[in-house]
Novice: 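Attaching a single structure in structure tokens format; questions to follow.
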Protein chains: 2
Amino acid sequence: MAETKERDAGVSEPEAAEISLGRYLASIRKDRKLSLRAVEERSKKQVSNAYLSQIENGQIKQPSPNTLNALAELYEISLEKLMIKAGYITPSSKRRSGERHGRVATFAEHNLTAEEEQELMDYLEFMRSRKK
Amino acid sequence: MAETKERDAGVSEPEAAEISLGRYLASIRKDRKLSLRAVEERSKKQVSNAYLSQIENGQIKQPSPNTLNALAELYEISLEKLMIKAGYITPSSKRRSGERHGRVATFAEHNLTAEEEQELMDYLEFMRSRKK
DNA sequence: AGAAGATGCTTGATATATCAAGCGCGCTAT
DNA sequence: ATAGCGCGCTTGATATATCAAGCATCTTCT
């Protein structure tokens, strides 16, 4: 029955004891009602079913950002969330107390897509969670 | 004498035949007047001198984003530029011809730091260069 | 019941990232 | 000159990502 026995460990520091990358990805895949092989196909072979299985069972510690990106796009979830769970970045400082002056003007020239905006927001979150 | 003999190859597709990651990093390190060992120290041992040497000589194809991030911060250069040169993302489509509706309002609530803004701009570039 | 798939999983092979330790060379200083 | 240091570099060892191929189980169809 697998059991998995809390074989979690965590690449860097689990800290908040969040749900692991593997379990997270597995739960999402099930929610999307996709089989391992379906993901393999839809990802244009970027992620093999064998490999995804290992990731979901926690046998792979840190899949490459390529892989994570493929899954993020396929599942339509935030890449940064995966990057954090994979231990590429540390969600250490809760909030930068630094000085911030509202500057938005620059982005006016960029004509953002809705998706682009969403991704930028995600990335902003990501930026603020790492940084020393 | 080294020669290196155009042992470049490129992880994904060189396409624009830009300067390679190795040469780029080497040129910047020299500009910053740092030795391999100095970088090793300043990076808090995140990048060993041996390894950096290999990277600069093109013997390492794709250093991890951790490594790239350490170097980007140390040299104060754009992480995305390194990510592109390392082949993590493809600067394929010059410009998405897609529909974009100017949306900036959301960022008004975010009070961006100058650095954050810069990084977001970089990331926007990065986003637009990959994407199918 | 048995053929045919589909599903999750294991495993062996291969590639590659990363580092500790060491080598050889060029500088200074004694 | 020679002792020492800093330099870039090589190499062997280790860890890990990734996949092709296969296995066991379960479902469904005839």
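Letters go in sequence order (proteins before strands), and every chain restarts at 1.
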Novice: Measure the shortest side-chain to side-chain distance between B:L74 and B:L34 over non-hydrogen atoms and say whether it is less than 4.5 angstrom.
Specialist: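 SC-SC contact between B:L74 and B:L34 confirmed.
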Novice: For DNA chain D, what residues of residues 35-48 of chain A have any heavy atom nearer than 4.0 Å?
Specialist: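 Going residue by residue through residues 35-48 of chain A, the ones with a heavy atom under 4.0 Å of DNA chain D turn out to be A:R37, A:K45, A:Q46, A:S48.
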Novice: Counting only side-chain heavy atoms from C-beta out, which of D:dT16, D:dT10, C:dT11 sits nearest to B:A50?
Specialist: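 Within the option list, the nearest is D:dT10.
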Novice: Calculate the interatomic distance between B:L68 atom CG and C:dA17 atom P; express it in whole Å.
Specialist: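 Taking CG of B:L68 and P of C:dA17, I get 11 Å after rounding.
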Novice: Ignoring hydrogens and geometry beyond distance, is the side chain of A:N49 in donor-acceptor contact with the base of C:dC9 at under 3.5 Å?
Specialist: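 For A:N49, whose side chain was compared with the base of C:dC9, there is a donor-acceptor pair (under 3.5 Å).
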Novice: Check whether any side-chain nitrogen or oxygen of A:Q59 sits under 4.0 Å from OP1 or OP2 of C:dT10, and answer yes or no.
Specialist: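 For C:dT10, OP1 or OP2 has a side-chain N or O of A:Q59 closer than 4.0 Å.
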Novice: Whole-Å distance between D:dC19 P and A:I60 CD1?
Specialist: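 So the CD1-P distance, A:I60 to D:dC19, works out to 10 Å.
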Novice: In whole Å, I'd like the distance from the OH atom of B:Y88 to the P atom of C:dT16.
Specialist: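 It works out to 13 Å between those atoms.
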Novice: Rounded to the nearest Å, what distance is computed from the CD1 atom of residue B:I55 to the C1' atom of nucleotide D:dC9?
Specialist: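 Whole-Å distance recorded here is 14 Å.
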Novice: Show, in sequence, the C-alpha distance, side-chain angles and deciding distance for B:Y24 and B:L82, and conclude whether the side chain to side chain contact (heavy atoms under 4.5 Å, CB included) test is met.
Specialist: CA-CA 9 Å; B:Y24 180 61; B:L82 296 188; 3.7 Å; yes
Novice: If you compare all heavy atoms of B:Q46 against all heavy atoms of B:N66, which two are closest, and at what distance to 0.1 Å?
Specialist: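 Closest heavy-atom pair between B:Q46 and B:N66: NE2-O, 3.8 Å.
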Novice: Can you find an N or O donor on one side and an acceptor on the other, under 3.5 Å apart, linking the side chain of B:N57 with the base of D:dC9?
Specialist: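 There is none.
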Novice: Does A:I60 form a side chain to side chain contact (heavy atoms under 4.5 Å, CB included) with A:L21? I'd like the steps, not just the answer.
Specialist: CA-CA 10 Å; A:I60 263 55; A:L21 175 69; over 6 Å; no
Novice: What nucleotide, of C:dA20, D:dA17, C:dG8, holds the atom closest to the side chain of A:R29?
Specialist: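 My answer, after comparing the listed nucleotides, is C:dG8.
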Novice: Could you point out which residue of A:L68, A:V47, A:L52 forms a side chain to side chain contact (heavy atoms under 4.5 Å, CB included) with A:P63?
Specialist: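 Filter result, single survivor: A:L68.
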Novice: Rounded off to whole Å, could you give me the CG-to-C1' distance for the A:N66 and D:dC19 pair?
Specialist: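 Nearest whole value for this atom pair: 15 Å.
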Novice: Pair A:E40, A:L36 - check side chain to side chain contact (heavy atoms under 4.5 Å, CB included), show working.
Specialist: CA-CA 6 Å; A:E40 170 170 337; A:L36 293 176; over 6 Å; no
Novice: Expressed as a whole number of angstroms, how long is the span from A:L25:CG to C:dC9:C1'?
Specialist: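 Distance check: A:L25 CG to C:dC9 C1' gives 17 Å.
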Novice: Could you tell me how far apart B:Q62 (CD) and D:dA17 (C1') are, to the nearest whole angstrom?
Specialist: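 These atoms are roughly 11 Å apart.
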Novice: Base, sugar-phosphate alone, or nothing: which one does B:Q54 contact when heavy atoms must sit under 4.0 Å apart?
Specialist: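 Here B:Q54 touches the bases of the nucleic acid.
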Novice: Rounding to an integer number of Å, can you tell me how far B:L52 CG sits from C:dC19 C1'?
Specialist: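 Checked: the CG to C1' distance equals 13 Å.
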Novice: Check A:R32 against A:E76 and note the closest heavy-atom contact, atom names and distance.
Specialist: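 Minimum heavy-atom contact is NH2-O, 4.2 Å.
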